[in-house]
S.K.: 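Quick one: structure below, then a few questions.
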Amino acid sequence: MTNRRQSQGYQGVVTRKRARLQSGEFNSTSTASANKTGTSVQGAKNKENKDHSTPPRKRKKFNNALITPETSEQPAFTPFKVNTQNAQNITTRGYSTTELQSTRRLEAKAWVNDYILHDITGLLELAAPDNKTAEATAGGLAESLSALVEDLLLLKSSKVVNGGWRERGGKSKRFGQFRKWVDAKKGPSKESDLYEPISQLFHFVAGCIKSVNKALPVHPERLIVPFVYPDRKSADGDDESRVDLVLNIAGPDSYIIGTPTNTPSSGSSKLPMFLDAFAVIEVKREAQGVKRALPQLFQYTRGIYAEQYNRRFAWGLAVGGRQVQAVFFGPSYALASPSMDIGQRSGRERLIGLLVDWSFCESHKLGYDPTILFNKQSRYYEIQVGQGGKMETYYSQGAVIGVERLFGRHTRCFVASKTKPRPGVEFKPEIFIKDAWPEATSDAEGDHRDESRHLNKITAILGDDKSLDGKYPKYLSGGRVHIKRQTTTDQSADVVEDNSRSIISGSICSQLDAALKERGPPLRVHKRICMKGIGNPLKHINSVPELICVMADAMECHWEIYKRCGILHQDISTNNILFTGSGSRIKGMLIDFDHAFCEGDKNAVRRFERTGTLPFMSVNNLEGEIKMHTVLDDWESLLYILCWLGTYGWRNKSRGDGVGPGIPQGRISAGADNSKISVSRQTTRTRSLVHGLRRTLIDSHKDIRMKGTMKGSEESEEQDEQFDLLAGPKDETRMIDPFVERIQDADGISERLLDIMRIGAAQVRTLLRDSESKDSE
């Protein structure tokens, strides 16, 4: 289940970063070095890890308040961040539709190789209702429907009516096709021949449930029906892939042929939508095709996660000939049931039982989040946030950041308000809500990497410091999410923590532990945090002076949090620094403390791991050696951010970007709002800032042997030298690795680096004021 290809990208990046640091190439921000640096740092990821990146799509803005992109994560490492705001992602920008589709397929194949466990017994029982009466009703109805299907299959001439479903003489376009599917010993000539038989079974089950609904002791919650048009491109998909069959949810009394959906959506009725989909069915014509269907099933389920903001986990079906396999998609893994052979009575009974359970179970058993509700009439979301039984409801018009990966943190971000949106009244969000599934410990008190705990501590210590207002998000409420499970008809309910183990049964957990042995699946806990502080991503900055001011504010906040709160951020990247305001009043904000470590916590165990966003990770971090992540690693990440923006930029019209003002490739321009500041001076100032930071961070060593030296650099020199037996062994201590030695003066170096940023910010802020004064004249 670990990502076997990811380590290749780390090795490529660390080798190139060491070479650039050694040669001093990071001092330059010319167009020529842009091509070199962009290739060295980012090219390694695009070429070697292309199948693990997820190109984003354009998303909504809410009152121009944009939030930082989502953080994805793989087991054992902290992988690449993905910007879901638009296609100007530093890892995947400029993809054509064909390239995007190809990348998605490669990505899905890698997921199948790394994340799925097959033949999990008891998987279908996860869909059984919690309510005991509903469970018994569903079980009895499934047995009756299975017996009815068997009777129909034995009859060669019959007339049956069930909820609008009719079959005559075996020639009906409905049940006759299903009978052919059951009887066929070989697969059809083409997979599209299976669309109608599969749809018939779902229509039959839904029609029977509808016809007996009023006579049942417990009524069904919904009907599961296929979208009326198979093999269509999703209307809200971002590539041209065609989905075989989409399962939608309809009300218990809905017309089941050409079913209208009951979820918030808009668009053509002839195209399915991931927003409406409960699950996807991927079909292959031969029995061996079940495994071949899995990559596409994984790919389309990713689309469901991306569009449905209240989805915790998902279901799917893979069909190969007469073989059907149910797949359960959790945040850390995918679990596949044993195959159900439609040609055998036992296989048909199990599949019908699953369809009936899906109709009767509670919404959280389907993967929906009962703490995030959508008001269809007024079209807003109601989000519950709180801890310890004290819950508050916030209102949002939708997520500004959605899920782009099938496995991982599943981070979603909402801008919200405590006031309900009203028609004709502008919605003004002032609250930021982050919903995610990070790795955590089962013991909440022992979870020393809990972001809500970090933010609560930071807010308590720094909350009264006015100089830091707006430079970090202030904690309001939140923590671990809990789900109510009602097992009886009365109002009593069990409250269970929502995590990657509680959504499955104990027997399945045991199978997971046995299959993965010592490693075990990572425990992911559903957390939701409410914070005060909304900012804009760095890609909307218009000029170098503004960028320098923002970075200086963020790193000043970083230093104050480290010194006064004992919390080290450990993930400085373009995604985790926002800004508010503009011109001389611009302010930087440091966010996302998911990977932060509290050094003052005596009970915390320090992990030796790679933490950060790949293009901006320090060399020490990339090497993955047993070295502590220090404050200097975060400063090194800042250096790479400035190099990246100074040489590559945000917007490149030649690659399909260039919407609005921004930073083009090759240099950082003055931007539309600061046209009176010389472009050539911007490049010079950026180069000077990078040079000053690099000199202080890398080369400020008293020992001449440490200047510019890198681990591994002497190996390449020895290869060019002739072997001399009489020379004796070389002194192995003559070369010193500065990435280790500099830790001894980490605080002193950090203070000097911060002084450089403060001086630079003060100078450019003066330029911004002068420019604004001239503009006002």
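Count residues from 1 along the sequence. The figures that follow rest on heavy atoms only: side chains count, while hydrogens, waters and symmetry mates do not.
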S.K.: Can you list the residues that meet the ring pair (Phe, Tyr, Trp, His ring centres under 6.0 Å) rule with W437, with sequence neighbours excluded?
M.R.: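 If we apply the ring pair (Phe, Tyr, Trp, His ring centres under 6.0 Å) test to W437, skipping adjacent residues, the hits are H526.
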S.K.: Mind checking what makes salt bridge (Lys or Arg N to Asp or Glu O under 4.0 Å) contact with E497, not counting sequence neighbours?
M.R.: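 With neighbours one apart ignored, the set is R480.
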S.K.: Identify, with sequence neighbours excluded, every residue that meets side-chain contact (heavy atoms from CB on, under 4.5 Å) alongside R105.
M.R.: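 Partners of R105 under the side-chain contact (heavy atoms from CB on, under 4.5 Å) test: Q101, Q299.
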S.K.: Return yes if some donor-acceptor pair links the side-chain N/O of E282 with the main-chain N/O of A318 below 3.5 Å, else return no.
M.R.: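 No; judged by distance alone, with no hydrogens or angles, the pair does not exist.
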S.K.: Go through the steps for R412 and I372 under the test side chain to side chain contact (heavy atoms under 4.5 Å, CB included), then give the verdict.
M.R.: CA-CA 12 Å; R412 298 179 176 94; I372 299 180; over 6 Å; no
S.K.: Donor-acceptor pair, Q308 side chain versus A277 backbone, under 3.5 Å?
M.R.: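 Pair found, side chain donor or acceptor close to backbone of A277.
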S.K.: Would a 4.5 Å heavy-atom cut-off, applied to side chains only, mark H410 and R524 as touching?
M.R.: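 Side chain of H410 against side chain of R524, heavy atoms only: no contact under 4.5 Å found.
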S.K.: What pairs with K418 under salt bridge (Lys or Arg N to Asp or Glu O under 4.0 Å), at least two apart in sequence or on another chain?
M.R.: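 Here the qualifying residues are E392.
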S.K.: Would you say the side chain of I198 lies within less than 4.5 Å of the side chain of L201, judging by non-hydrogen atoms?
M.R.: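 L201 does not reach I198 side chain to side chain.
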S.K.: What is the minimum heavy-atom distance between V385 and R528, and which atoms define it?
M.R.: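 Between these two residues, the closest heavy atoms are CG2-CD, 3.7 Å.
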S.K.: What pairs with D193 under salt bridge (Lys or Arg N to Asp or Glu O under 4.0 Å), at least two apart in sequence or on another chain?
M.R.: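 Scan of D193 (salt bridge (Lys or Arg N to Asp or Glu O under 4.0 Å), adjacent residues dropped) gives none.
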S.K.: Any donor-acceptor pair under 3.5 Å linking the side chain of D236 with the backbone of F274?
M.R.: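 Judged by distance alone, yes, a pair lies under 3.5 Å.
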S.K.: Got a sec, which residues hit side-chain contact (heavy atoms from CB on, under 4.5 Å) with A314, two or more places apart in sequence or on another chain?
M.R.: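 Per chain and number, A314 pairs via side-chain contact (heavy atoms from CB on, under 4.5 Å) with T301, Y305, R311, F329.
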S.K.: Got L406 and Y115 here, is their nearest side-chain heavy-atom distance under 4.5 Å?
M.R.: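 No, every pair of side-chain atoms sits at 4.5 Å or beyond.
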S.K.: When you measure from the side chain of S500 to the backbone N and O of L523, does any donor-acceptor pair fall under 3.5 Å?
M.R.: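 It does not hold such a pair.
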S.K.: Could you point out which residue of D369, I383, T371 forms a side-chain contact (heavy atoms from CB on, under 4.5 Å) with N310?
M.R.: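 It is D369; the other options fail the test.
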S.K.: What I'd like to find out is whether the side chain of P370 reaches to under 4.5 Å of the side chain of I483, using heavy atoms alone.
M.R.: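 Yes, close enough: below the 4.5 Å cut-off.
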S.K.: Would Q323 and D341 count as a side chain to side chain contact (heavy atoms under 4.5 Å, CB included) here? Give the steps.
M.R.: CA-CA 5 Å; Q323 303 298 317; D341 187 349; 3.3 Å; yes
S.K.: Mind running salt bridge (Lys or Arg N to Asp or Glu O under 4.0 Å) on R409 and E439 for me, showing each step along the way?
M.R.: CA-CA 8 Å; R409 307 174 67 83; E439 290 187 29; over 6 Å; no
S.K.: Mark yes when over 12 heavy atoms from residues, nucleotides or ligands other than K233 sit less than 6.0 Å from its NZ; otherwise mark no.
M.R.: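 Yes, NZ of K233 has more than 12 neighbouring heavy atoms, counting only those of other groups under 6.0 Å.
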S.K.: Any donor and acceptor pair, going by atom type alone, linking the side chain of Y300 with main-chain N or O of R242 inside 3.5 Å?
M.R.: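 At least one qualifying donor-acceptor pair exists.
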S.K.: Hey, is the main chain of Q344 close enough, under 3.5 Å, to the side chain of R322 for a donor-acceptor pair?
M.R.: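 Here the side-chain-to-backbone pair does not exist.
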S.K.: Given side chains that start at C-beta, do those of K284 and V290 come closer than 4.5 Å, heavy atoms only?
M.R.: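 With C-beta onward as the side chain, the pair stays apart.
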S.K.: Evaluate side chain to side chain contact (heavy atoms under 4.5 Å, CB included) for W315 paired with I224, printing each intermediate quantity in order.
M.R.: CA-CA 12 Å; W315 290 86; I224 304 296; over 6 Å; no
S.K.: Which atom pair, heavy atoms only, marks the closest approach of S417 to P429?
M.R.: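 Answer, listing the atom of S417 first, then P429: CB-CA, 4.3 Å.
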S.K.: Has R232 got a side-chain atom pairing as donor or acceptor with L271's backbone, closer than 3.5 angstrom?
M.R.: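 Answer holds: no.
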S.K.: Does any pair with a residue in residues 138-147 pass side chain to side chain donor-acceptor pair (under 3.5 Å), and if so which ones, sequence neighbours excluded?
M.R.: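 Those involving residues 138-147 do not exist here.
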S.K.: Pairs in or reaching into residues 220-230: which pass salt bridge (Lys or Arg N to Asp or Glu O under 4.0 Å), with residues at least two apart or in two chains?
M.R.: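 For residues 220-230, and leaving out neighbouring residues, there are no salt bridge (Lys or Arg N to Asp or Glu O under 4.0 Å) pairs at all.
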S.K.: Can you tell me if H364 and D498 form a side-chain donor-acceptor pair at under 3.5 Å?
M.R.: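 No, no side-chain donor-acceptor contact under 3.5 Å.
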S.K.: Going by heavy atoms in the side chains, are M340 and L124 under 4.5 Å from each other?
M.R.: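 They are in contact (side-chain heavy atoms under 4.5 Å apart), so the answer is yes.
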S.K.: Could you walk me through whether F204 and F178 pass ring-ring contact (aromatic ring centres under 6.0 Å, His included), step by step?
M.R.: CA-CA 10 Å; F204 171 75; F178 177 71; 8.0 Å; no
S.K.: Quick check: does any side chain N or O of W181 sit under 3.5 Å from a backbone N or O of G321, one acting as donor and the other as acceptor?
M.R.: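 Looks like yes, one N/O pair under 3.5 Å.
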S.K.: I need the full list of salt bridge (Lys or Arg N to Asp or Glu O under 4.0 Å) pairs touching residues 288-299, with sequence neighbours left out, sorted by first then second residue.
M.R.: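 Output for this query lists E286-R292.
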S.K.: For S378, enumerate each residue passing the side-chain contact (heavy atoms from CB on, under 4.5 Å) test, keeping only those at least two apart in sequence or located in another chain.
M.R.: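 By the side-chain contact (heavy atoms from CB on, under 4.5 Å) rule, S378 matches N375, Y380.
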S.K.: Testing the 3.5 Å rule here: is there a donor-acceptor pair between the side chains of Q296 and S241?
M.R.: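 Q296 vs S241: no donor-acceptor pair found between side chains.
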S.K.: Who pairs with S192 by side-chain contact (heavy atoms from CB on, under 4.5 Å), at least two apart in sequence or on another chain?
M.R.: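 S192 satisfies side-chain contact (heavy atoms from CB on, under 4.5 Å) with K190, Y195 once adjacent residues are dropped.
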S.K.: Do any pairs count as a salt bridge (Lys or Arg N to Asp or Glu O under 4.0 Å) and have a residue in residues 345-355, sequence neighbours left out, and if so which ones?
M.R.: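 Passing the test, one end in residues 345-355: E150-R348, R345-E349.
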S.K.: Taking the six-membered ring for Trp, are the ring centroids of Y381 and F374 within less than 6.0 Å of each other?
M.R.: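 Yes, they do, as the ring centres are separated by less than 6.0 Å.
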S.K.: Got I504 and F328 here, is their nearest side-chain heavy-atom distance under 4.5 Å?
M.R.: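 Yes - at least one pair of side-chain heavy atoms lies under 4.5 Å apart.
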S.K.: Any side-chain to backbone donor/acceptor pair from E382 onto T393? Under 3.5 Å, distance only.
M.R.: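 No.
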S.K.: Would you check if D276 and N248 make a side-chain contact, meaning some heavy-atom pair closer than 4.5 Å?
M.R.: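 The answer is yes, as the side chains (C-beta and beyond) meet within the 4.5 Å cut-off.
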